[in-house]
Amino acid sequence: MSGRSMESRKQLDRNKLGLGLFGANCSGGLAITTVPERWDASWENNQKLARMADDAGMDFMLPLGRWKGYGGVTDHNAANFETMTWATGILASTQNIVAFGTVHVSLFNPVAAAKQMVTADHVGQGRFGLNIVCGWNHDEFDMLGVNLAQHEDRYEQGQEWVDIITRAWSTDKPFDYDGRFYQVHKTDVRPKPYGGDRPMIVCAGNSPRGRDYAARNADVMFTNLRSELDEVPENVSELKAMAAAYNRNINIFSNVALVCRPTKKEAEEYFHYYAVENADWDAAENMIVGRGIKKPGMPEEAVQAALIRAAGGNGASPIIGDPDDVVAMMKRLSESGISALAMGFTNYLDHFPYFRDEVLPRLVREGLRAE
Ligand SMILES: Cc1cc2nc3c(=O)[nH]c(=O)nc-3n(C[C@H](O)[C@H](O)[C@H](O)COP(=O)(O)O)c2cc1C
């Protein structure tokens with residue numbers, strides 16, 4: 001990394017395998033379920049969770065960028081905090097943990113967004129991180145009255161957006177930018193991010209175009225593990241090679257749904273209880289259709305698997321087992337080249353403490369996390 005290393009990178013560099021909590025800013029979090037203990041994303045719960053995670057030495061809190069619910073009986077994710085303001089509150093409430101904003105390119109003017117993020121970064125003394133999402137959800141964009149550009153255009157717009165933001169953060173003199181999507185003049189953003197270097201940039205995407213965008217611009221590519229575990233090392237190498245083609249180094253984060261219980265049987269039963277017996281199937285269906293995961297003519301078995309994966313954790317890979325199983329899986333992902341995992345728990349406040357007490361010390365013993 002060039003320049004002065006800011007706090008968010010330092011925090012994440014401490015551990016061989018970074019760990020964060022994903023999705024706590026939205027009702028239901030990652031789990032599309034009707035169980036009574038499903039996540040209530042109140043501010044009180046978010047703040048309590050952030051402090052608990054911070055005290056436990058967790059690396060980051062990563063919000064979902066959501067504006068509207070997925071329907072179903074729970075209207076999954078319908079109550080959601082806007083993420084840059086959420087991150088600012090989390091940073092003001094904590095000491096060491098990184099808080100990301102998950103920012104939709106086309107919904108925020110880049111200069112205004114650059115300033116909002118600088119504000120969050122100063123509140124957190126360098127602990128703000130940017131997760132860029134170029135968007136996919138027509139329903140949400142319609143709600144905001146914004147036309148979601150076609151796929152390739154979305155990333156072209158994203159390129160202009162990130163170019164403007166990074167210039168606004170680094171250039172001492174006022175600058176002009178004349179792009180296809182944005183024209184800004186005599187742009188002068190002060191103060192600069194805390195400590196002088198830019199916040200860490202993560203990009204979330206799965207398509208080749210989305211991954212190319214991340215390879216070109218991000219410190220971290222945040223991507224789903226859709227492949228078999230055996231294929232992960234090769235996939236990671238491919239992603240890293242894409243960044244190397246731009247003379248860049250990139251880390252890979254992935255999303256996981258975590259169920260850890262004293263025995264594997266209990267963990268599997270709990271997963272079955274919330275993600276199968278009590279799934280909010282209509283919301284899960286809306287998610288897989290909206291994201292284009294469910295395709296016409298897809299075999300029923302594959303549809304079922306996609307629905308359970310959606311219900312289990314918004315499409316994240318499940319990690320289910322006793323503490324040793326969880327550690328073994330995490331070790332394997334780390335050895336496959338994954339730098340950090342963004343985790344969902346059905347109820348973060350109820351379920352994180354067991355993970356903290358049983359899994360974190362084992363990860364230290366395995367050399368995956370610092371003391
Ligand atoms: C791990 C991961 C997390 C994502 N999180 C969000 C999110 O919080 N909000 C959102 O609107 N899109 C999210 N996305 C969607 C991406 O930003 C992108 O719009 C989507 O993957 C479609 O682009 P693609 O075809 O390039 O993958 C996420 C994608 C991935 C892979």
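Every number for a ligand or one of its atoms is a count from 1 in the order of the listing. Here the structure is a predicted model, which is why all the values come from computation and not from measurement.
- Atoms of ligand 1 lying under 4.0 Å from any heavy atom of Tyr155, numbered from 1 in the order shown and given with element: 23 (O), 24 (P), 26 (O).
- Distances from atom 17 (O) of ligand 1 to the heavy atoms of Ala214, Ala204, Gly315, Pro63 show the closest one on Ala204.
- Here the heavy atom of the protein found nearest to atom 6 (C) of ligand 1 is Val133 CG1, 3.7 Å.
- The pair Asp55-Arg356 does not count as a salt bridge, with every side-chain nitrogen at least 4.0 angstrom from each carboxylate oxygen.
- One option in His104, Glu140, Arg66 has a heavy atom closer to atom 11 (O) of ligand 1 than any other, and that option is His104.
- Short contacts between ligand 1 and Leu64, defined as distances under 4.0 Å to a heavy atom of the residue, involve ligand atoms 8 (O).
- Of the candidates Gly210, Ser207, Gly135, Ala342, the one placing a heavy atom closest to atom 24 (P) of ligand 1 is Ser207.
- Near Thr102, meaning under 4.0 Å from one of its heavy atoms, ligand 1 places the atoms 8 (O).
- Taking Tyr182 as the reference, Gln157 meet the side chain to side chain donor-acceptor pair (under 3.5 Å) condition, with sequence neighbours excluded.
- For atom 7 (C) of ligand 1, the closest non-hydrogen atom of the protein is Gly65 N, 3.6 Å.
- Identified under the side-chain hydrogen bond (donor to acceptor under 3.5 Å, both in side chains) test for residues 99-116, with sequence neighbours left out: Trp67-His104, Thr102-Asn131.
- Aromatic pair Phe60/Phe253: centroids less than 6.0 angstrom apart.
- Residue-to-ligand polar distances keep Asn255 apart from ligand 1: every N/O pair is separated by 3.5 Å or more.
- Cation-pi geometry between Arg167 and Tyr177 is not met: the NZ or CZ atom fails to fall both under 6.0 Å from the ring centre and inside 45° of the normal.
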